[in-house]
Amino acid sequence: CIDSGIQEPFASTDSDKVDRVTVQVNATFHKPPAGGLNDVHCPEGRHYAVRPLVEYVRRTHPTGEIFWVGTDTDFECEFGHNMVGSLSMKDVFKEIAGASFFVGFNSVLLYWALRNRVNCTLFPDHQGRNDMRIHKEWKSYLDYHDE
């Protein structure tokens, strides 16, 4: 929403960026179906079990500090800090704003990262890159991982 009387609707979040990658593990509360993904559009199609999210982070950020955030408390990974299910939304926002990189899906977390000038990699899903409305001043911070 837009209130024409408010020029800066968000509190200042300018902070020193640390060399950290914050990764959105998933954007779903449901597990993907055992029968496959042929009929899955959203949200299960964003699940880390069916998207190459972990492999992408391992390959592109092999030495960086990794914070995994999200809702699926079954998530396990042999590298990085598993913060899944242990942070409030406010805490996640703070971690994203201070990170140097964000990896995730089309969600409020992505837009928060872009708003805070965090370099991002987006895993597009049923809403392809050409369907998204990204502010032009944010586009320089956004890259896509098309599988």
### Query
Is any side-chain heavy atom of Asn106 less than 4.5 Å from a side-chain heavy atom of Tyr111?
yes

### Task
Could you pull out all residues at least two apart from Glu78 that satisfy salt bridge (Lys or Arg N to Asp or Glu O under 4.0 Å)?
Arg58

### Query
Taking the side chain as C-beta and beyond, is there a heavy-atom pair between Leu142 and Leu114 under 4.5 Å?
yes

### Message
I'd like to check Arg20 versus Phe101 (side-chain heavy atoms, cut-off strictly below 4.5 Å). Are they in contact?
### Response
no

### Task
Locate the shortest heavy-atom distance separating Cys77 from Val54; write the atom from each residue and the value.
SG-CG1, 3.9 Å

## Note on the structure
Closest heavy-atom pair, Ser86 versus Met83, reported as atoms and distance to 0.1 Å, is OG-O, 2.8 Å

### Message
Taking ring pair (Phe, Tyr, Trp, His ring centres under 6.0 Å) as the definition, give me every residue that meets it alongside Phe93, ordered by chain and number, with sequence neighbours left out.
### Response
Trp112

### Summary
To the nearest 0.5 Å, atom CZ of Arg115 lies from atom CD of Glu137 at 11.5 Å

### Message
Show me the pairs that pass salt bridge (charged side-chain N to carboxylate O under 4.0 Å, His left out) and involve residues 101-110, at least two apart or across chains.
### Response
none

### Task
Would you check if the side chain of Lys17 reaches a backbone N or O of Ala97 as a donor-acceptor pair within less than 3.5 Å?
yes

### Task
Please confirm whether the backbone N or O of His145 pairs with a side-chain atom of Thr121, one donor and one acceptor, at under 3.5 Å?
no

### Query
Any side-chain heavy-atom pair from Phe123 and Tyr144 closer than 4.5 angstrom?
no

### Over all atoms of both residues, closest heavy-atom pair of Val108 and Met89
CG1-CE, 4.3 Å

### Query
What distance separates Glu95 CD from Leu109 CG, expressed to the nearest 0.5 Å?
12.0 Å

### Task
Before giving the answer on side chain to side chain contact (heavy atoms under 4.5 Å, CB included), spell out for Leu110 and Leu122 the whole-Å C-alpha distance, their side-chain angles and the decisive distance to 0.1 Å.
CA-CA 8 Å; Leu110 171 74; Leu122 169 67; 3.9 Å; yes

### Query
Does the side chain of Asn119 come within less than 4.5 Å of Phe102's, by heavy atoms?
no

### Task
May I ask you to test the Val103-Leu53 pair for a side-chain heavy-atom distance under 4.5 Å?
yes

## Note on the structure
Closest non-hydrogen atoms of Ala99 and Thr22, given as atom of the first, atom of the second and distance, are CB-OG1, 3.4 Å

Determine all donor-acceptor pairs shorter than 3.5 Å in which one atom belongs to a side chain in residues 60-68; sequence neighbours excluded.
| unit_1 | atom_1 | unit_2 | atom_2 | d |
| --- | --- | --- | --- | --- |
| Thr60 | OG1 | Tyr56 | O | 2.7 |
| Glu65 | OE2 | His81 | NE2 | 3.3 |
| Trp68 | NE1 | Phe79 | O | 2.9 |

### Message
Could you work out, with side-chain contact (heavy atoms from CB on, under 4.5 Å) as the rule, every residue matching Asp91, not counting sequence neighbours?
### Response
Leu87, Ser88

### Message
So does Val84 get a backbone contact from the side chain of Asn82, meaning a donor-acceptor N/O pair under 3.5 Å?
### Response
yes

